Amino acid sequence: MERFYADSCSLFVRAYDAFHHQPPSPIVGDVAFYRRLARQAAAPVLELACGTGRIAVALALDGSDVTGLDVSEGMLAIARCKRDALPEMARARLVLHAGDMCELELGQRFGLIFIAFRSFQHLLTIDLQRKALAAMQRHLAPEGRLALHLFDPRLELLIEGIAALPKVSGIDPATQRRYTGEVLRASFDHVAQVRRDLWQYTEIDPSGAVLERATREMALRWTYRWELHHLLALSGFAVEAEYSDFAGSPPAYGKELIVVAR
């Protein structure tokens, strides 16, 4: 993920908000869900893999003290611009750091730590997942909560050639440039539970001329529901609640995998 979103001027960073921050929301109800958890927290909030600040900015505007951390300086550059445009009080409530969630050392405890939009799945080994969870546990207040959002693996998406390859598109409201993204190839390591997608992004100006086209690989690890339960238990967490969407529906095959733990 550091490589995929590495440089602040790359096509992959520029396209992110056009794909994921314009209506309709990529994941319906997630901001409201984290807002409720943040309001219940008795201490500041930490968002890991905060990206360009879609959720962290919303929580700061809602009155929460928020720290956001991301491994990508490119994504953080956009988040900092959004923070600088906030009203003074909200701007003061949002702190942004560059860093790796597996090496987390902030010297502070938080009432809520969360990883949104399936970013936990970019930790490609159990060792990295456990290392990150240990770091989260060190930073969680005694009565604090951890919230993770993954997806429940749909088997047809894990077999080459069965399901259609993903496509996304969106328009940057400031420049009116259109961005498209499509997966050219998906490959699978079923032993490691890793899927690798070769994405092609294209930037198109309002006249329809192609300005740039580039390809880059993104990898993620799928995690099964009970595997996640055992992983959390091994890391000292107890699952308090789990849902298949951000409206609070019970767990369901092939939908979202959302857990709240203490």
Side-chain angles (χ1 to χ4, degrees), residues 1-35 38 45 47-64 66-98 114-119 122 149 165-184 197 199-216 218 245-247 256:
M1 289 304 292
E2 182 177 15
R3 179 176 176 273
F4 196 88
Y5 295 118
D7 42 325
S8 58
C9 295
S10 79
L11 173 58
F12 302 92
V13 170
R14 295 199 309 274
Y16 185 85
D17 277 0
F19 291 157
H20 302 303
H21 286 213
Q22 306 300 321
S25 173
I27 302 292
V28 175
D30 65 345
V31 174
F33 177 84
Y34 296 117
R35 186 182 289 122
V45 174
E47 181 183 5
L48 300 176
C50 66
T52 64
R54 177 175 66 94
I55 299 173
V57 166
L59 298 188
L61 283 169
D62 193 54
S64 294
V66 184
T67 296
L69 180 135
D70 202 283
V71 73
S72 166
E73 284 285 5
M75 302 287 268
L76 284 172
I78 296 175
R80 291 186 184 110
C81 288
K82 293 179 182 179
R83 179 190 59 188
D84 293 345
L86 293 175
E88 182 179 355
M89 291 186 65
R91 186 168 65 249
R93 286 193 289 263
L94 178 55
V95 178
L96 297 168
H97 293 289
F114 69 95
I115 306 179
F117 205 14
R118 308 164 183 154
S119 293
H122 294 294
H149 172 206
L165 295 176
K167 294 182 179 181
V168 292
S169 66
I171 295 176
D172 185 312
T175 65
Q176 292 302 302
R177 291 177 179 176
R178 184 162 63 91
Y179 294 91
T180 64
E182 61 176 322
V183 174
L184 302 179
D197 289 338
W199 281 93
Q200 178 178 272
Y201 278 25
T202 304
E203 182 180 28
I204 304 164
D205 75 9
S207 72
V210 173
L211 301 176
E212 185 178 352
R213 180 171 284 134
T215 59
R216 195 169 283 184
M218 179 185 289
D245 58 33
F246 287 100
E256 306 305 323

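These numbers come from the heavy atoms of this one structure, side chains and all, not from hydrogens, waters or symmetry mates. Please read these numbers as outputs of a predicted model, since none were measured by experiment. All residue numbers refer to positions in the sequence shown, counting from 1.
A donor-acceptor pair under 3.5 Å links the side-chain atoms of Arg91 to the main chain of Leu86, judged by distance alone. Between the side chain of Ser72 and the backbone N or O of Gly74, at least one donor-acceptor pair lies under 3.5 Å. Arg177 contributes no side-chain N or O that, together with a main-chain N or O of Asp172, makes up a donor-acceptor pair within less than 3.5 Å.
None of Val66, Leu96, Ile55 except one satisfies the side chain to side chain contact (heavy atoms under 4.5 Å, CB included) rule with Cys50; the exception is Leu96.
Taking both residues in full, the closest heavy atoms of Val31 and Ala58 are given as CG1-CB, 3.7 Å, listed atom of the first, atom of the second, then distance. Ile27 and Arg118 make their closest contact through CD1-NH2, 3.5 Å (heavy atoms, listed as atom of the first residue, atom of the second, distance).
Using bins of under 30°, 30° to 60° and over 60° for the plane-to-plane angle, the ring pair Phe117/His149 lands in the parallel bin.
Counting only heavy atoms from C-beta outward, the side chains of Phe114 and Glu47 approach each other to under 4.5 Å. Two residues are said to be in side-chain contact when any heavy atoms from C-beta on lie closer than 4.5 Å; Thr52 and Tyr5 fail this criterion. Under the 4.5 Å side-chain criterion, counting only non-hydrogen atoms from C-beta, Tyr179 is not in contact with Tyr16. Residues Thr175 and Glu203 have side chains not in contact (no heavy-atom distance under 4.5 Å, counting atoms from C-beta outward).
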* **CA sep, side-chain torsions, deciding dist, call: Asp205, Ser207, side chain to side chain donor-acceptor pair (under 3.5 Å)** => CA-CA 5 Å; Asp205 75 9; Ser207 72; 2.6 Å; yes
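The environment of CZ in Arg178 is sparse: at most 12 heavy-atom neighbours from other residues, nucleotides or ligands sit within 6.0 Å. The number of heavy atoms from other shown groups lying within 6.0 Å of CD (Glu88) does not exceed 12.
For the atom pair CZ of Arg54 and CE of Met75, the computed distance is 10.5 Å after rounding to the nearest 0.5 Å.
Proximity of the aromatic rings of Phe19 and Tyr201 is defined here by a centroid distance below 6.0 angstrom, and this criterion is met.
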